[in-house]
Amino acid sequence: MSDRTPPGAMTPGRVSPRLSHNAMRHWNERLIEAVLFLAAALSVLTTLGIVYILVSESIHFFARISIVDFLTDTQWTPLFDDAHFGIMVLVSGTLVSSLVALLVAIPVGTTIAIYLSEFAGSRVREIAKPILELLGGIPTIVYGYFALLVVTPILQVLLPNLPGFSLLSAGFVMGIMIVPYIASLSEDAMRAVPMSLREGAYAMGSSRLYTAIHVVIPAALSGLAASYVLAVSRAVGETMILAVAAGMQPNLTWNPMEPAATITSYIVQVALGDLPHGSIGYQTIFAAGLTLLLITLMFNIVGQWLRAKYKENY
C-alpha cells in the first residue's frame, strides 16, 4: 500500500480548509445579519420610545384637564392665570401654514419634476438636480429670517394690510423649502415609468407635454402621492420658520394673513427650561406633541392608502 494521501482527502485529526472557510463565512453572515437586524430595530425602538414618552406624559395631563375642553375650547393660554387648553388654536395655525406651503410646493415641485424627467437633457439634469437638492440642506432658521426680512416686506407691497408676522409669509417660504423634496421624489417616480408607455403615446401622435400629463403622471401616481405625503409631514413638523415669521400668537384663525401659533412653535416657546418639571404648563408640550404625532400618522395612513390604490406593477 502507498503511504501517500490522495489529493483533497482529510488527514485524521485535521479539518478540511474548505470546511473551515465555509464555517467562517457562515458565522460572518450571521454576524452581518445580526448587525443589520439591530440597525433596523433601532428605528422601531426609537419610535416606540417616543410614543411611550408622549403617551405617558399626556396621561398625566389629561388626568388634570378634560379631553373635551382640550378639543373644544377656543383659547390656548396654559401659562396664564386664567388657563385655557384649547388645542384647536394651535391645530388651526399648523393646518393653515401647511396648506399655504403645499399650495406653493406641490405645483412648483411637480412642474420641476416634469421638466427634469421629460424635457431636460442628461447634462442639465445632472447639474440642476444637485443644485435643487441643496435647498433642502439650508438651515430652517435661515429660511425663517428670509421669510421675515425679505418675503414679508414684498408681500406687504402686494397686500398693504398684511401684518409683520403672518402665516402667509411663513407658509410661502416653507413651501419653497419643501420644493426639493417633492421635485426629487416625483422625478424619480416619473423616470421609473417604462419608456414603452411614452413610445406608445408618441406613436399615436401625442406631444411630450400631453404624454407627461396624461401618461407619465397617472403611471407614477403612487410615487407622487408618496412625495406629497412626505411634504405634508415636513410642513406639519416645521418649527423655526413658523417660530420666527408667524408670530407665535395663540390665535384661533383660518385666515393666513393673520399671525398665529402652531404646535411646533409653541413647543419651542415652552421647552426652554423655565417651567418646573411636572407642572401643567410643562405637560402641555407632551399633549401638543401627541396631537402632532396623530396628525402626522393620519396623513401617512392616507398616503399609504393612496400608494396601494394607485400602485402600478410593470
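These numbers come from the heavy atoms of this one structure, side chains and all, not from hydrogens, waters or symmetry mates. If you're wondering where the values come from, they're calculated on a predicted model, not measured in any experiment.
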Quiz item: What's the shortest heavy-atom distance between Leu252 and Ser92, and which atoms?
Solution: CD1-OG, 3.6 Å

Exercise. Could you tell me which non-hydrogen atom of Val236 sits nearest to which non-hydrogen atom of Thr264, and how far apart they are?
Key: O-CG2, 3.9 Å

Quiz item: Any side-chain heavy-atom pair from Ile217 and Ile114 closer than 4.5 angstrom?
Solution: yes

Practice problem: Evaluate the side-chain proximity of Ile87 to Leu71: yes if any heavy-atom separation is below 4.5 Å, no if none is. | Solution: yes

Practice problem: Applying side chain to side chain contact (heavy atoms under 4.5 Å, CB included), run through Val91 and Ile263 and close with a yes or a no. | Solution: CA-CA 7 Å; Val91 172; Ile263 295 176; 4.1 Å; yes

Exercise. Output, in order, the C-alpha distance, side-chain angles, deciding distance and verdict of side chain to side chain contact (heavy atoms under 4.5 Å, CB included) for Met257 and Leu159.
Key: CA-CA 9 Å; Met257 295 179 61; Leu159 304 169; 4.2 Å; yes

Exercise. Flag the pair Leu167 / Val100 as yes when at least one side-chain heavy-atom distance between them is below 4.5 Å, and no otherwise.
Key: no

Exercise. Give a yes or no on whether Arg64 atom CZ has more than 12 heavy-atom contacts from other residues, nucleotides or ligands under 6.0 Å away.
Key: yes

Self-check item: Non-neighbouring partners of Leu103 that pass side chain to side chain contact (heavy atoms under 4.5 Å, CB included), sequence neighbours left out
Solution: Leu99

Quiz item: What are the two closest non-hydrogen atoms of Pro78 and Tyr266, and how far apart are they?
Solution: CG-OH, 3.2 Å

Quiz item: Counting only N and O atoms by type, is there a donor-acceptor contact under 3.5 Å from the side chain of Asn300 to the main-chain atoms of Thr296?
Solution: yes

Quiz item: Short question: side chain of Thr291, backbone of Ala287 - any donor-acceptor pair under 3.5 Å?
Solution: yes

Self-check item: Leu102 and Val232, any side-chain heavy atoms less than 4.5 Å apart
Solution: yes

Self-check item: Thr152 (side chain) donor-acceptor with Ala147 (main chain) under 3.5 angstrom
Solution: yes

Self-check item: Ile112 reachable from Ile176 in the ILVMFWY side-chain graph, under 4.5 Å edges
Solution: yes

Exercise. Would you give the length of the straight line joining atom CZ of Arg234 to atom CD1 of Ile178, rounded to the nearest 0.5 angstrom?
Key: 7.0 Å

Quiz item: Rounded to the nearest 0.5 Å, how far apart are CZ of Phe286 and CD1 of Ile53?
Solution: 7.0 Å

Quiz item: Ser265 and Thr262: side chain to side chain donor-acceptor pair (under 3.5 Å), yes or no, with the steps?
Solution: CA-CA 5 Å; Ser265 64; Thr262 64; 3.1 Å; yes

Quiz item: When Val244 is tested against each of Val173, Thr239, Leu148, Thr140 for side chain to side chain contact (heavy atoms under 4.5 Å, CB included), which residue passes?
Solution: Leu148

Quiz item: Within a strict 4.5 Å, meaning less than it, do heavy atoms of the Arg198 and Glu118 side chains meet?
Solution: yes

Exercise. For residues Gln283 and Ile280, determine if any side-chain heavy atom of one lies less than 4.5 Å from a side-chain heavy atom of the other.
Key: yes

Practice problem: State whether the side chain of Asn251 and the backbone N or O of Ala261 hold a donor-acceptor pair below 3.5 Å, judged by distance alone. | Solution: no

Exercise. Anything under 30° is parallel, anything over 60° is perpendicular, the rest tilted; go ahead and classify Tyr210 against His214.
Key: parallel

Quiz prompt | Between CD1 on residue Ile267 and CD on residue Gln269, distance to nearest 0.5 Å | solution = 11.5 Å

Exercise. Could you tell me whether the side chain of Ser97 and the main chain of Thr94 form a donor-acceptor pair under 3.5 Å?
Key: yes

Quiz item: So, for Phe62 and Phe70, is the gap between ring centers shorter than 6.0 Å?
Solution: yes

Quiz item: Under 4.5 Å between side-chain heavy atoms, hopping through other hydrophobics if needed: is there a path connecting Leu293 to Tyr52?
Solution: yes

Exercise. Check whether more than 12 heavy atoms from other residues, nucleotides or ligands sit under 6.0 Å from atom OH of Tyr228, and answer yes or no.
Key: yes

Practice problem: Could you tell me the separation between the OH atom of Tyr115 and the CG atom of Leu209, rounded to the nearest 0.5 Å? | Solution: 14.0 Å

Practice problem: Could you tell me whether the side chains of Ser186 and Ser227 share a donor-acceptor contact shorter than 3.5 Å? | Solution: yes

Quiz item: Hey, is the main chain of Ser166 close enough, under 3.5 Å, to the side chain of Ser169 for a donor-acceptor pair?
Solution: no

Quiz item: In terms of hydrophobic clusters joined by side-chain contacts under 4.5 Å, are Val229 and Ile301 together?
Solution: no

Quiz prompt | Where Ala170 and Ala245 come nearest, the two heavy atoms and their spacing | solution = CB-CB, 4.0 Å

Practice problem: Might you work through the side chain to side chain contact (heavy atoms under 4.5 Å, CB included) test for Arg125 and Arg191, ending with a clear yes or no? | Solution: CA-CA 12 Å; Arg125 190 182 302 111; Arg191 288 183 62 82; 3.0 Å; yes

Self-check item: Same apolar cluster: Phe146 and Leu155, side chain cutoff 4.5 Å
Solution: yes

Exercise. Determine yes or no for a side-chain-to-main-chain donor-acceptor pair under 3.5 angstrom, with Glu238 supplying the side chain and Ile241 the backbone.
Key: yes

Quiz item: Is Tyr181 reachable from Leu116 through a run of hydrophobic residues whose side-chain heavy atoms are each under 4.5 Å from the next?
Solution: no

Quiz item: Minimum heavy-atom separation for Gly281 to Val270, with atom names?
Solution: O-CG1, 3.9 Å

Quiz item: Is the OH atom of Tyr202 crowded by more than 12 outside heavy atoms at less than 6.0 Å?
Solution: yes

Quiz item: So how far is it from Glu29 CD to Ile32 CD1, rounded to the nearest 0.5 Å?
Solution: 7.0 Å

Self-check item: Exercise: identify the closest heavy-atom pair between Val124 and Ala120
Solution: CG1-CB, 4.1 Å

Quiz item: Would you say Thr284 and Trp76 make side-chain contact, with heavy atoms under 4.5 Å?
Solution: yes

Practice problem: Please answer whether the main-chain N or O of Pro180 pairs with a side-chain N or O of Ser184 as donor and acceptor at a distance below 3.5 Å. | Solution: no

Quiz item: Could you walk me through whether Glu258 and Thr253 pass the side chain to side chain donor-acceptor pair (under 3.5 Å) check?
Solution: CA-CA 7 Å; Glu258 295 182 6; Thr253 179; 3.0 Å; yes

Quiz item: Gln75 versus Pro250: any side-chain heavy-atom pair under 4.5 Å?
Solution: no

Practice problem: State the CG-CD1 distance between Leu224 and Ile182, to the nearest 0.5 angstrom. | Solution: 9.5 Å

